[in-house]
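Worksheet: one structure, shown below.
Given the structure is predicted, the values throughout are model-derived calculations rather than measurements.
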Amino acid sequence: MCGFLGEISLQNKLIEREQFELALEQINHRGPDSTGIYEDKNVRLGFKRLSIIDLEHGSQPLAYQDGRYHIIFNGEIYNYIELRDRLIKDGYSFQTHSDTEVIVALYAQKGVAAIQQLRGMFGFVIWDKEKQEIIGARDRFGIKPFYYYESDSTVLFASELKSIHHCVQPLQVNKTSLQNYMSFQFVPEPATVFEEVQKLKPGHYFVKKENKGMEIKPYYEIGFKNSSLSLNDHITNIQKVLEDSVAKHMRSDVPVGAFLSGGIDSTTTVALAKRHNENLKTFTVGFEQHGYSEIEVAKESARQLEVENIHKYITAEEFLRELPNIIWHMDEPVADPAAIPLYFVAKEASKHVKVVLSGEGADELFGGYNIYRESLALKGFDYLPSPITKMLNSVALVLPEGVKGKSYLLRGTTPLAERYIGNAKIFNEEEKSKILTAYQNGNHFKNIVAPYYERAQSYDTATKMQFIDLHTWLPGDILTKADRMTMAHSLELRVPFLDNEVLEVASQIPTKYKLDQKTTKYILRQAISEWVPASVLDRKKLGFPVPIRVWLRNEWYDWAKETIHQSQTDDLLYKDKIIALLDDHAAGKKDNSRKLWVVLCFMIWHAIYVEKTMTPYKKLEKAEDFYPTPEVVTEK
């Protein structure tokens, strides 16, 4: 687990070496164990290493075949031992026991077809000196990040946006991205918050040849299949593949721990991981606010599973103190409040281990979100004649807000593709037009998901929702915050549910086995019933609950108001409208907490990366010290 920065000069003039090194230091948290730089006349590859496998010989950039190939790689390949053994039989030799060398050897043998065989999480770049070309790839889920910048003179690629931002300034805020962010609470890929920088989409690779533009192609597309297997056969397959995935994700030369909440995903991971480490440490955080903590449930689960649980309560004050650091690490504004407890649990875990397992991805693969059951609740609308449906929709539109049944009628009479964009839908188009100074009428949130709905036409309603989330919510929110919040503390996060083989099994499970009238992830609950405590199996899903609704009405109100006033975003946002949202929330007229959080996260991000009036890792003695001051960001 590491971080990289690379460049290709199209005019035989690389960035100044000192500037490149400083840009690489921006991601020192991703790999504090060692630094490496390879340089050719028009190519430079930089690397920060966090040593997990082959601690002595796994340094990068790594050369192969007498220096023909050079690779920088961020991630882990879980089937590297099997691939290495096969390559040795085919006559390939190795100087290390690292998965990095396996990737480049496999590429030397098979070219870009090698990417298909990698079971793991990755972003990597390989320089072929003989062909004078660079190829790069990102794993099929988007677990690991991959940013790039292309101009007439330079191509840059990096594990984090902040390295590119350090090399190329000024970068312009992408107003289309900002408008989409206000709906999704993240910037949907492949765009970023900056006009000039893009993300390589999950399941894609690129080839960059001398004097030619980047050629980007998919190597894998996630999808769902029909299967005639019985319920019991599916259960058996789930059990086998999860056992195998966790076993492979436990491969490490350093201690491995696990995050543990009160849910079935992390509890399953812990139960299986304990088979490979009797002394497994688990980590949990929560809030002292009533109803916003899973610590007691996690402690009880840990007791029943006979593993150690290390837990911590987070206060509103320390939450606020760390917020600038958290948003700096996030690279782009991501307004999921669950990122903050993830930051704190990673901080705690990093004191004890270098690697943790977590349960991300289970909801998207096995139908775990309650909203997926909406397809069952709204089934009756499918049988209504079109004129009746249109009439009910018209009635629902004119009903006052808060009237019982309005939301139900609207959802039932509005096509899925026009209302479902993923797990978070913050501002609608009318609301955005009132707060964005440069609102674009043609940039509707439906534009982002329309291509995915086109590809999902044959799926049932719930599966379409899963498909949308797998391509937007998962990489844009869930995996972004998981990567950045753990890497902030030089901690490697592994997600056994997001595995090639688990995907193959999960993609064949019909909706009738995933959802019923009472629960989500029905088949997964059946498959793991012998592994996890009974008290966890039927527990209501909480996720990482965060009391921002309460705090914004009370102890955070003054801070929020001051942050809005001081923000230099008047060219982008109508701040008087945002203040009105805050005041309505504080008065209890309406719960605007998620809308406010989206705006506040953007304003803090803007202060750090655009205004440069806020300094990450500045020591904050009290909440008032958080307010932006006219300081220049110092080099980290």
Side-chain angles (χ1 to χ4, degrees), residues 1-9 14-40 42-65 67-77 80 94-105 107 118 120-129 134-139 143-149 154-167 200 206 208 253-254 331 354-355 483-484 486-488 490-492 636:
M1 187 61 57
C2 313
F4 61 74
L5 171 65
E7 64 170 314
I8 310 168
S9 172
L14 295 170
I15 293 169
E16 292 294 329
R17 174 76 178 221
E18 182 180 5
Q19 184 182 8
F20 183 89
E21 290 176 352
L22 287 173
L24 188 57
E25 284 304 310
Q26 295 291 304
I27 57 170
N28 184 65
H29 50 275
R30 296 192 75 93
D33 293 336
S34 67
T35 303
I37 296 177
Y38 163 80
E39 191 170 315
D40 205 344
N42 60 345
V43 172
R44 185 186 283 141
L45 306 176
F47 192 73
K48 302 293 294 188
R49 186 185 185 209
L50 180 65
S51 304
I52 302 296
I53 292 175
D54 196 357
L55 306 185
E56 187 176 352
H57 302 109
S59 297
Q60 298 182 42
L62 185 145
Y64 192 73
Q65 284 193 356
R68 173 180 172 175
Y69 301 103
H70 287 82
I71 182 173
I72 45 178
F73 156 59
N74 168 32
E76 298 289 349
I77 305 302
Y80 80 98
F94 294 86
Q95 302 301 311
T96 75
H97 289 87
S98 69
D99 50 355
T100 308
E101 193 173 16
V102 170
I103 295 173
V104 70
Y107 178 75
L118 301 177
M121 54 181 181
F122 56 83
F124 70 79
V125 172
I126 297 175
W127 165 240
D128 184 336
K129 191 171 184 178
I134 275 187
I135 76 113
R138 189 179 180 198
D139 66 77
I143 304 169
K144 291 291 102 185
F146 198 119
Y147 290 91
Y148 69 91
Y149 162 90
T154 299
V155 177
L156 297 170
F157 33 85
S159 294
E160 293 191 13
L161 180 57
K162 58 180 64 65
S163 290
I164 295 176
H165 181 258
H166 190 84
C167 293
L200 184 64
F206 75 83
K208 171 67 181 175
D253 294 336
V254 297
D331 262 342
K354 265 193 169 184
V355 179
D483 174 81
R484 303 307 191 282
T486 51
M487 285 275 74
S490 305
L491 181 71
E492 176 179 299
K636 179 175 177 292

Test salt bridge (charged side-chain N to carboxylate O under 4.0 Å, His left out) applied to [X] - qualifying residues, sequence neighbours left out:
{"X": "Asp139", "result": "none"}
{"X": "Glu21", "result": "Arg17"}
{"X": "Lys208", "result": "Glu150"}

Could you state the interatomic distance from [atom1] ([X]) to [atom2] ([Y]), rounded to the nearest 0.5 Å?
{"X": "Leu118", "Y": "Glu76", "atom1": "CG", "atom2": "CD", "answer": "12.5 Å"}
{"X": "Ile8", "Y": "Phe157", "atom1": "CD1", "atom2": "CZ", "answer": "4.5 Å"}
{"X": "Asp253", "Y": "His97", "atom1": "CG", "atom2": "NE2", "answer": "10.0 Å"}
{"X": "Lys162", "Y": "Arg484", "atom1": "NZ", "atom2": "CZ", "answer": "7.0 Å"}
{"X": "Leu14", "Y": "Glu7", "atom1": "CG", "atom2": "CD", "answer": "4.5 Å"}
{"X": "Ile77", "Y": "Asp99", "atom1": "CD1", "atom2": "CG", "answer": "6.0 Å"}

What closest approach, in Å, do [X] and [Y] show between heavy atoms, and which atom pair accounts for it?
{"X": "Gly3", "Y": "Ile27", "value": "C-CD1, 3.7 Å"}
{"X": "Val355", "Y": "Leu491", "value": "N-CD1, 3.9 Å"}
{"X": "Ile72", "Y": "Leu5", "value": "CD1-O, 4.2 Å"}
{"X": "Phe73", "Y": "Gln60", "value": "N-OE1, 2.6 Å"}
{"X": "Val102", "Y": "Tyr80", "value": "CG2-O, 3.8 Å"}
{"X": "Leu156", "Y": "Cys167", "value": "CD1-CB, 3.9 Å"}

Strictly distance-based, threshold 3.5 Å: is any side-chain N or O of [X] a donor or acceptor partner for the main-chain N or O of [Y]?
{"X": "Ser163", "Y": "Ala23", "result": "yes"}
{"X": "Ser490", "Y": "His29", "result": "yes"}
{"X": "Arg44", "Y": "Ile15", "result": "yes"}

Within the 4.5 Å heavy-atom criterion, are [X] and [Y] side-chain neighbours or not?
{"X": "Glu492", "Y": "Met121", "result": "yes"}
{"X": "Asp33", "Y": "Lys354", "result": "yes"}
{"X": "Lys144", "Y": "Arg138", "result": "no"}
{"X": "Tyr38", "Y": "Trp127", "result": "yes"}
{"X": "Asp128", "Y": "Ile135", "result": "no"}
{"X": "Tyr107", "Y": "Ile71", "result": "no"}
{"X": "Gln26", "Y": "Glu160", "result": "no"}

List the residues meeting side chain to side chain contact (heavy atoms under 4.5 Å, CB included) with [X], not counting sequence neighbours, and say none if there are none.
{"X": "Ala488", "answer": "His329, Tyr343"}
{"X": "Ala137", "answer": "Ile115, Phe122, Phe124, Tyr205"}
{"X": "Ser159", "answer": "Phe4, Arg30, Asn74"}

Counterpart residues, side-chain hydrogen bond (donor to acceptor under 3.5 Å, both in side chains), relative to Thr35 (two or more places apart)
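With neighbours one apart ignored, the set is Lys48.
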Residues at least two apart in sequence or cross-chain that pass ring-ring contact (aromatic ring centres under 6.0 Å, His included) with Tyr64, listed by chain then number, are none
Applying the side-chain contact (heavy atoms from CB on, under 4.5 Å) criterion to Leu62, which one of Glu101, His70, Gln95 satisfies it?
Glu101
